[in-house]
Amino acid sequence: QVQLVESGGGVVQAWGSLILSCVASRRFFSIMGWYRQAPGKQRELVASLSVTSGTEYGDFVKGRFTLSRDGAKNTMFLQMNSLEPEDTAVYYCYFRTGGQDYWGQGTRVTVSS
């Protein structure tokens, strides 16, 4: 089992910034990243880091978000800049290890216009 604890969500005005954090109870992974789900929409990839293929971002990111990690602290970060109302969603931390997928409980991000 892997526990994922997210933090950093909140309410921000358009063009503002937020940093999301996810602390994992396990260090080794094959893929870790962030997904989001807006009301009435499917869950979509925001950013992911694969040990084999590197970093990937959703098309909508357009250079606004940066995924990073602190391996010593088993922590992953999502720096989000130039936020738009369309970025309003619940953001989920994702972790794959040993062929198993794990999800955090989600952290809500609301961007006001």
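Given the structure is predicted, the values throughout are model-derived calculations rather than measurements.
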- request: Apply side-chain contact (heavy atoms from CB on, under 4.5 Å) to Arg64 and Asp87, showing your working.
  value: CA-CA 11 Å; Arg64 300 180 297 136; Asp87 295 314; 2.6 Å; yes
task: For the pair Leu18 and Val109, evaluate side-chain contact (heavy atoms from CB on, under 4.5 Å) and give the outcome as yes or no after the intermediate values.
output: CA-CA 9 Å; Leu18 280 176; Val109 173; 3.8 Å; yes
Chi angles and distances behind the side-chain contact (heavy atoms from CB on, under 4.5 Å) call for Met80, Ile19: CA-CA 6 Å; Met80 303 188 294; Ile19 301 176; over 6 Å; no
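Of the candidates Gln37, Arg36, Arg108, Tyr91 forms a side-chain hydrogen bond (donor to acceptor under 3.5 Å, both in side chains) with just one, namely Arg36.
Of the inter-residue distances, the one linking Ser113 atom OG with Glu84 atom CD reads 11.5 Å to the nearest 0.5 angstrom. Within the model, atoms CZ of Arg69 and CZ of Arg27 stand 7.5 Å from one another, a figure rounded to the nearest 0.5 Å. Leu67 CG to Ser48 OG: the interatomic distance, rounded to the nearest 0.5 Å, is 7.5 Å. Phe95 contributes atom CZ, which lies 11.0 Å from atom CG of Asp101 (distance to the nearest 0.5 angstrom). Note that CG of Leu45 and OH of Tyr57 are 10.5 Å apart. Values are rounded to the nearest 0.5 Å. Remark: Phe77 CZ to Asp70 CG distance equals 5.5 Å, nearest 0.5 Å.
Counting heavy atoms from C-beta on, the side chains of Leu78 and Val46 come closer than 4.5 Å. Residues Tyr102 and Gln1 are in side-chain contact: their nearest non-hydrogen atoms beyond the backbone lie under 4.5 Å apart. Thr107 has its side chain within reach of Leu20: a pair of non-hydrogen atoms, C-beta onward, lies under 4.5 Å apart. Within the 4.5 Å cutoff, the side chain of Ser21 has no heavy atoms near those of the Met76 side chain.
Checked by atom type and distance alone, the side chain of Ser30 pairs as donor or acceptor with a backbone atom of Arg96 at under 3.5 Å. Remark: the backbone N or O of Val111 is paired with a side-chain donor or acceptor of Thr88 at under 3.5 angstrom. Panel note: side chain Thr52, backbone Ser50; no donor-acceptor pair is recorded below 3.5 Å. Distance alone, capped at 3.5 Å, is enough to place a donor-acceptor pair between the Thr97 side chain and the Phe28 backbone. One N or O on the side chain of Glu6 and one on the backbone of Gly106 form a donor-acceptor pair closer than 3.5 Å.
Val12 and Trp15 are members of different hydrophobic clusters when ILVMFWY side chains are connected at heavy-atom separations under 4.5 Å. Put simply, Val90 and Leu4 are part of two different groups of oily side chains (I, L, V, M, F, W, Y) that touch within less than 4.5 Å, one to the next.
Nearest approach of Trp34 to Cys22, heavy atoms of both residues: CZ2-CB, 3.6 Å.
The aromatic rings of Trp103 and Tyr94 lie tilted to each other, with the angle between the two planes from 30° to 60°.
For Ser17 and Asn81, the side-chain atoms include at least one donor-acceptor pair closer than 3.5 Å. Defined by atom type and a distance below 3.5 Å, a donor-acceptor pair is missing between the side-chain atoms of Tyr35 and Arg43.
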